[in-house]
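Chain identifiers are assigned alphabetically (A, B, ...) following the order of the sequence lines, protein sequences preceding nucleic acid strands; residue numbering begins at 1 within each chain.
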Amino acid sequence: MKKSIAILLCTVLLGTILTGCGSENDTPNGEVYVYNWGEYIDEETIDLFEKETGIKVIYDEFETNEAMYPKVEAGASQYDVVCPSDYMIAKMIDNDMLAELNWDNLPNAKANIGSQYYESSEQFDPGNKYSVPYCWGTVGILYNTQMVDGPITGWADLWNEKYEDNILMQSSVRDLFMVGLKLNGYSLNSTDPAELEVAKNSLIEQKPLVQAYVIDQVRDKMIGNEAAIGVIYSGEAIYTQRQNSNLEYVIPKEGSNVWIDSWVILKDSPNKENAEKFIDFMCRPEIALMNFEYITYSTPNDAARALIEDEDIRNSEIAFPDLSKYDLETFSFLGEEADELYNNLYKEIQSSSN
Amino acid sequence: MNNKRKLLSIPYLLWAIVFIIIPLFMVVYYGITDKTGAFTFANIAAIATAEHGKALWLSVLLSFMSTVVCLLLAYPLAMILSKMNIASNSFLVLIFILPMWMNFLLRTLAWLSLLEKTGVINNILKFFGLPTMNIINTPGAIILGMVYNFLPFMIMPIYNALVKIDPNVINAARDLGAGPFKTFTKVIFPLSIPGVISGITMVFVPALTTFVISTILGGNKILLIGNVIELEFTTTGNWHLGSGLSMVLMVFIVISMILTAIFDKDGEGSML
């Protein structure tokens with residue numbers, strides 16, 4: 001008898017603990033689970049969305065596409081909206097992980113995002129069925145004019161021994177290999193083992209000159225004069241220049257990567273309608289403007305760009321470069337086999353020591 | 001009576017099954033299968049590749065070195081603490097435990113801003129016209145991070161072992177003509193061995209498996225086995241290889257646990 005009481009007690013206790021986690025009933029219109037890049041939104045826009053719609057936003061962040069993918073694939077967290085980059089969206093479409101969007105529910109996305117961004121999106125999302133562009137930009141070199149001799153113009157400068165221990169490289173696989181491939185004149189979507197081997201050897205050769213392989217830290221380290229040269233996303237350039245006027249951004253002459261990060265909805269999303277509401281809300285001109293001013297990543301939202309008051313920024317070559325002037329490529333999904341090859345070569349670079 | 005005790009153990013049993021036994025079996029399952037679910041030893045054998053072997057060797061080397069440094073720092077300190085009167089020693093113990101109240105990541109990030117080229121330490125050195133040091137992103141920085149983070153795990157078990165030594169045993173040694181040095185080598189140190197062994201395990205095991213310290217303080221330039229496993233789980237998404245390598249690592253941990261079980265009969269390690 002005593003035993004059954006104890007068991008009952010345990011179940012009740014466990015029950016209250018478990019239900020206590022999720023059933024707060026202060027969100028009459030349900031929830032939406034958003035999974036976005038770190039520091040990639042003005043959190044005030046989330047508050048505004050929650051206030052206006054009564055939908056509770058559960059917001060999580062990731063640091064790289066590669067780290068995001070297995071978590072979403074495992075499905076443990078049940079995200080609704082995710083913001084991956086181009087090639088990762090292609091991979092997710094390939095693996096049937098995304099839900100087709102209902103464009104009738106996305107009037108702002110239809111009206112405000114520039115048509116050229118939808119055209120570029122066709123490369124990874126044919127027919128614009130799955131994705132709404134959120135931010136875009138290039139990858140380039142940020143350098144400190146006080147710490148380098150003469151302007152930096154291309155990737156080759158990152159192999160200059162003068163800058164030993166003063167170079168910051170990206171630590172995500174594709175971004176790192178992009179530099180090695182472009183330096184040697186190859187496509188950044190190369191899957192040719194011979195070309196990748198050359199790129200790997202270049203990167204190993206460069207390793208003694210590199211101070212650290214990082215991602216988000218490039219920004220703070222460059223602002224703090226910790227390094228002279230860093231590989232960085234164009235969106236960070238405006239922010240870092242505001243903090244440290246000695247910093248210059250350049251798109252390397254050997255060519256680089258132009259990318260788009262877009263909102264997508266996961267196929268098994270339980271809150272599809274809320275997800276579409278969230279995406280459309282983010283496409284409103286004044287909301288997109290808030291986000292642009294906060295994160296300084298180029299917005300594909302033409303209506304928002306027109307609202308930018310500072311003329312220098314509105315016409316900035318960094319935020320809105322004339323893409324025809326540069327040799328730029330978009331990452332595409334290379335297949336699981338090529339992914340594995342990249343990863344193995346990446347480990348060789350990381351474990352090499354010289 | 002016996003029944004009651006069994007009942008009380010149910011929550012712990014549940015805990016152990018859900019959070020220890022099942023995950024362990026999942027790691028083993030992933031470790032001995034490939035992506036198609038077929039049985040394979042390839043994930044475990046993968047430790048023999050140049051990169052993985054080197055990463056494991058580096059991890060063993062760095063964690064061994066940090067364990068030695070921890071021991072050299074912790075033993076004298078534990079002796080000093082054990083000889084103080086209760087009031088002041090509990091305060092001192094608190095001081096050494098205090099950093100552990102802060103988040104592990106924050107503590108490590110703090111070292112980053114201390115050690116950076118333009119960091120706090122170098123700025124102070126520069127202010128006094130001294131040459132600056134450049135230890136960030138080197139194995140030295142990783143050892144420093146390990147020692148700093150794991151030192152309390154070495155101090156506490158040794159301290160616990162030392163305070164348990166009956167002062168009469170030491171007095172007897174003195175009475176029988178042993179000098180301070182001989183008393184230490186023949187009496188105090190042998191009696192504190194269980195604490196030392198616990199301390200070694202408690203520093204060596206987390207140091208061996210860490211990937212955060214090497215990522216933050218090593219600038220991703222030094223690949224430890226923990227980093228490889230983290231990479232397989234997060235970036236590459238190859239859980240099978242990650243699990244296989246984790247199993248190899250577990251062998252090392254089991255060895256150190258067996259060592260603990262042999263020497264640490266009083267369970268000093270469980271005091272923390």
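Looking at every heavy atom in both residues, B:K221 comes nearest to A:K207 through O-NZ, 2.8 Å. The shortest heavy-atom contact between A:A74 and B:W239 is CB-CH2, 4.4 Å. In plain terms, the two heavy atoms of A:E226 and B:G119 that are nearest each other are OE1-N, 4.4 Å.
Of the two parts of A:D220, neither the backbone nor the side chain holds a non-hydrogen atom closer than 4.5 Å to a non-hydrogen atom of chain B. Only the side chain of B:N134 comes within contact range of chain A, with heavy atoms under 4.5 Å apart. Only the side chain of B:L241 comes within contact range of chain A, with heavy atoms under 4.5 Å apart. Residue contact with chain B, scored on non-hydrogen atoms closer than 4.5 Å, involves the side chain of A:N343 exclusively. With a threshold of 4.5 angstrom between heavy atoms, A:K221 approaches chain B through side-chain atoms but not through N, CA, C or O.
Heavy atoms from other residues, nucleotides or ligands lying under 6.0 Å from CZ of B:F39 number more than 12. For CD of A:E39, the number of neighbouring non-hydrogen atoms (other residues, nucleotides, ligands) closer than 6.0 Å is 12 at most. More than 12 heavy atoms of other shown residues, nucleotides or ligands fall within 6.0 angstrom of atom OH in B:Y148. Crowding of B:M133 atom CE: a count of heavy atoms from other residues, nucleotides or ligands under 6.0 Å exceeding 12.
For the atom pair A:E340 CD and B:N238 CG, the distance stands at 6.5 Å (nearest 0.5 Å). The line from CG of B:L224 to CD of A:Q350 is 10.0 Å long, rounded to the nearest 0.5 Å. Interatomic distance, A:Q217 CD to B:I216 CD1, rounded to the nearest 0.5 Å: 7.5 Å. A distance of 10.5 Å separates CD1 of B:I136 from CG of A:D165, quoted to the nearest 0.5 Å.
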Determine whether B:L231 and A:Y346 satisfy the following criterion, side chain to side chain contact (heavy atoms under 4.5 Å, CB included), listing intermediate values before the conclusion.
CA-CA 10 Å; B:L231 207 67; A:Y346 176 68; 3.8 Å; yes
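Annotation: side-chain hydrogen bond (donor to acceptor under 3.5 Å, both in side chains) contacts of A:N36 (sequence neighbours excluded): A:Y59. Qualifying side-chain hydrogen bond (donor to acceptor under 3.5 Å, both in side chains) partners for B:S243, counting only residues two or more places apart in sequence or in other chains: none.
A:K347 has its side chain within reach of B:H52: a pair of non-hydrogen atoms, C-beta onward, lies under 4.5 Å apart.
Chosen from A:A227, A:A212, A:S171, the residue pairing most often with chain B at heavy-atom distances under 4.5 Å is A:A212.
For residues 102-118 of chain B, heavy-atom neighbours of chain A at less than 4.5 Å comprise B:L112, B:E116, B:K117, B:T118, sorted by residue number. Scanning residues 61-71 of chain B against chain A with a 4.5 Å non-hydrogen threshold yields no residues.
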